[in-house]
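Below: one structure, written as structure tokens.
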Amino acid sequence: MTMTLDLHSRTAHELRDALRSGETTAVEIAQSYLDRIADVDSRVMAYLDLWEEYALEEAGALDERLAKGEDPGPLAGIPIALKDNFCTTHGTTGCASRILRNFESPYEGTVVTRLKDAGAVLLGKLNMDEFAMGSSTENSSVQPTHNPWDIDRVPGGSSGGAAASVAADEAAIALGSDTGGSIRQPAAFCGCIGMKPTYGRVSRYGLVAFASSLDQIGPFTKDVEDLALIMNVICGRDPLDATSADLPVPDYSESLGREVSDITIGLPKEFYTDALNDEMRAKVDAAVAVLKEQGARVIEVSLPHTDYGIAVYYIIAPAEASANLARFDGVRYGFRHPDAKTVEDLYKLSKSEGFGREVQRRIMLGTYVLSSGYYDAYYLKAQKVRALIRQDFDRAFEQCDVIITPTTPTAAFKLNEKIDDPLQMYLNDVYTNSANLAGVPGVSIPCGLTDTGLPAGMQIIGKPFDEETIIRVAHAYERNRGFDPGKPPLE
Amino acid sequence: MARITLEDVEYVAGLAQLTLDDQAKQRLLKEMGEILAYVDKLNELDTDGIEPMMHVLDISNVFREDVVTGSLDRDAALRNAPKTDGEYFLVPRILDTE
């Protein structure tokens with residue numbers, strides 16, 4: 001029996017190698033993660049539904065297959081956890097909402113099937129802002145999640161449980177969803193890697209819809225090699241999602257270890273303004289300098305409509321959400337108000353008690369901007385400005401291969417600091433939402449700690465369907481940054 | 001853009017099938033007013049002649065072969081229903097019949 005104590009602190013590719021060399025077993029790996037969760041999750045509060053027995057059974061079955069000489073797949077024995085908006089046939093799929101509490105999905109999302117087919121050991125479901133609406137995970141109807149680097153601060157959101165679980169070694173990899181920054185912003189706040197792939201790269205079948213033209217599934221990982229490993233499994237065309245792109249998927253591991261001397265990095269001048277905290281700017285500047293030392297060329301580019309992104313986003317996202325959430329009516333699934341005497345009451349009472357404050361706010365906003373007399377002024381106008389934002393990226397990418405920005409204007413803020421001011425909360429996504437509006441891929445990678453010990457994130461945005469170059473640049477930075485970002489002080 | 005009024009909030013709540021108490025109406029009036037005032041900045045831009053972007057990907061209809069494939073069986077479809085008779089979803093009576 002080997003020591004299992006440190007297995008949870010390793011990366012997925014290290015675990016894969018340890019498993020294949022016979023140093024450890026899938027059961028030992030799963031047990032190490034479950035022990036870690038038992039140790040720290042009462043403070044982090046990342047998990048909503050923990051599948052202890054299921055994980056150990058699956059790991060045991062994998063060990064038997066390995067013993068027979070079978071190859072269970074590229075993620076064999078890797079403990080992975082999922083945001084609570086992924087439909088799974090094991091456990092519950094609640095979107096951290098009262099209206100879906102205890103919902104047991106009768107079908108499984110495509111990405112979940114892909115993970116299982118690749119040998120992953122699923123650990124459970126992770127906390128989030130209700131229906132993925134929020135930037136702090138405080139809009140969960142179940143519990144807040146705490147930032148592992150400072151328990152008094154938010155993990156970001158909406159995939160706050162996913163980011164915190166990977167940062168706190170409670171999962172080797174987690175999957176979340178990103179509609180306006182919901183993977184990249186919490187990854188930056190928690191000091192892990194978080195990628196939103198190009199819209200259409202990953203099937204959304206079985207992801208509970210928030211804003212269908214913006215939502216995209218993506219991973220949280222501990223390093224860039226793990227990012228390539230998981231992207232190889234989750235990307236690709238799915239006949240069950242008509243918006244998934246019918247394009248070949250490259251082997252992302254081939255982007256690792258490569259030079260960046262032929263890469264041109266664009267720094268959009270509209271992102272580097274007074275709104276950016278000095279310390280965050282210094283961290284990103286230093287990270288860009290590392291890539292420059294490796295031979296990358298750095299130029300200034302312009303994304304002139306950056307300042308309009310939040311306004312466009314807070315018309316389009318609520319509009320789509322108001323349509324998507326209309327299906328929760330207390331009839332086929334979810335919460336049904338016991339006092340309803342008529343069908344109209346059934347809808348009204350179930351929705352009003354089932355949806356939380358932020359979700360109701362967005363349904364109201366979305367319904368308003370789509371209502372007769374306002375459609376042209378708000379929704380159509382926003383779609384036109386969205387076209388201008390996409391055009392900005394197309395023009396910038398004529399001059400550069402990747403765009404680098406800070407992921408967030410500041411490091412993680414305190415719990416309860418912004419919860420009563422929706423507009424201030426929305427402005428958190430100022431650097432991330434334009435990638436969703438334009439449909440381009442982006443990653444957040446840790447680029448140091450602030451003086452108070454909070455992670456800072458650098459965002460690398462790529463051309464549509466060019467995740468390869470993003471991974472290549474991210475790996476070149478990670479290999480050469482000259483420091484170890486370390487682990488959060490949870491011991 | 002005209003400012004949102006309390007009547008607008010009540011009208012939209014009806015469209016969205018939400019029941020709001022007076023406090024919630026007042027809160028939403030203030031919050032929606034602030035957010036709509038913020039998004040008004042889009043009117044600074046001249047967008048005449050710009051084609052609205054409905055979707056990121058340049059795809060139109062996606063077809064598949066017209067063949068029967070599997071679907072949820074009735075028990076699975078009814079499993080999460082709050083009220084069912086085992087064959088149908090049940091709702092309160094819709095028509096007044098004597």
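Below, each value reflects all heavy atoms present in this structure, side chains not excepted, and no hydrogens, waters or symmetry copies. Quick caveat, the model's predicted, so the values are computed rather than measured. Chain letters run A, B, ... following the sequence lines, proteins first and then strands; every chain starts at 1.
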In terms of heavy-atom contacts, does CD of E344(A) have more than 12 from other residues, nucleotides or ligands at under 6.0 Å? no

When the 4.5 angstrom heavy-atom criterion is applied to I316(A) and chain B, the contacting part is neither

Looking only at heavy atoms, the pair that brings A242(A) and V62(B) closest together is O-CG2, 3.6 Å

Among L349(A), L380(A), I310(A), the residue with the most heavy-atom pairs under 4.5 Å to chain B is I310(A)

Checked L15(B), L45(B), V91(B), N61(B) vs chain A; the most non-hydrogen pairs under 4.5 Å come from L45(B)

Note: vs chain B, highest number of non-hydrogen pairs under 4.5 angstrom among G200(A), P422(A), S212(A) is P422(A)

Output for pair (I50(B) CD1, K381(A) NZ), nearest 0.5 Å, gives 9.0 Å

Note: vs chain B, highest number of non-hydrogen pairs under 4.5 angstrom among Y107(A), F355(A), Y347(A), Y308(A) is Y308(A)

With chain A, the option among Q17(B), R64(B), M54(B) that has the most non-hydrogen atom pairs under 4.5 Å is Q17(B)

Looking only at K351(A), R390(A), M364(A), most heavy-atom pairs under 4.5 Å shared with chain B are made by M364(A)

Within 6.0 angstrom of Y88(B) OH, more than 12 heavy atoms from elsewhere | no

Interatomic distance, CZ@R386(A) vs CG@L42(B), rounded to 0.5 Å, equals 13.5 Å

Check this for me: K41(B), atom NZ, are more than 12 non-hydrogen atoms of other residues, nucleotides or ligands nearer than 6.0 Å?
yes

Chain A shares the most heavy-atom pairs under 4.5 Å, among T84(B), L78(B), L90(B), with L90(B)

* Asked: Do other residues, nucleotides or ligands put more than 12 heavy atoms under 6.0 Å from R395(A) CZ?
  -> no

Honestly, the part of Y313(A) sitting under 4.5 Å from a heavy atom of chain B is neither

Here the gap from Y368(A) atom OH to D8(B) atom CG, rounded to the nearest 0.5 Å, amounts to 5.0 Å

When the 4.5 angstrom heavy-atom criterion is applied to L28(B) and chain A, the contacting part is side chain

Minimal heavy-atom distance between P82(B) and R332(A), with the atoms involved, is CD-C, 4.1 Å

Taking every heavy atom of K348(A) against every heavy atom of T19(B), the minimum-distance pair comes out as CB-OG1, 3.4 Å

Taking every heavy atom of S213(A) against every heavy atom of V56(B), the minimum-distance pair comes out as O-CG2, 4.0 Å

When the 4.5 angstrom heavy-atom criterion is applied to A326(A) and chain B, the contacting part is neither

Bottom line for L370(A): the part with an atom under 4.5 Å from chain B's heavy atoms is neither

CZ/R357(A): more than 12 non-hydrogen atoms of other groups inside 6.0 Å:
no

All heavy atoms of N102(A) vs all of N80(B), minimum pair found to be O-OD1, 4.2 Å

Ranked by heavy-atom pairs below 4.5 Å to chain B, first place among I315(A), D246(A), D329(A) goes to I315(A)

So CZ of R361(A) and CD of E31(B): to nearest 0.5 Å the spacing works out to 4.0 Å

Checked L365(A), V440(A), I363(A) vs chain B; the most non-hydrogen pairs under 4.5 Å come from L365(A)

In this structure, CD1 of I35(B) is separated from CZ of R362(A) (nearest 0.5 Å) by 8.5 Å

Cut-off 4.5 Å, heavy atoms of chain B, and the answer for S105(A) is backbone

When the 4.5 angstrom heavy-atom criterion is applied to F465(A) and chain B, the contacting part is side chain

Any chance NZ of K25(B) has more than 12 other-residue heavy atoms, nucleotides or ligands included, within less than 6.0 Å?
yes

Nearest heavy-atom approach of L20(B) to Q360(A) is CD2-OE1, 3.8 Å

Any side-chain to backbone donor/acceptor pair from K83(B) onto R336(A)? Under 3.5 Å, distance only. no

The reported gap from OH in Y314(A) to OH in Y38(B) (rounded to nearest 0.5 angstrom) is 10.0 Å

- When you look at CD of E51(B), are more than 12 heavy atoms from neighbouring residues, nucleotides or ligands closer to it than 6.0 Å? no

In terms of heavy-atom contacts, does CZ of F89(B) have more than 12 from other residues, nucleotides or ligands at under 6.0 Å? yes

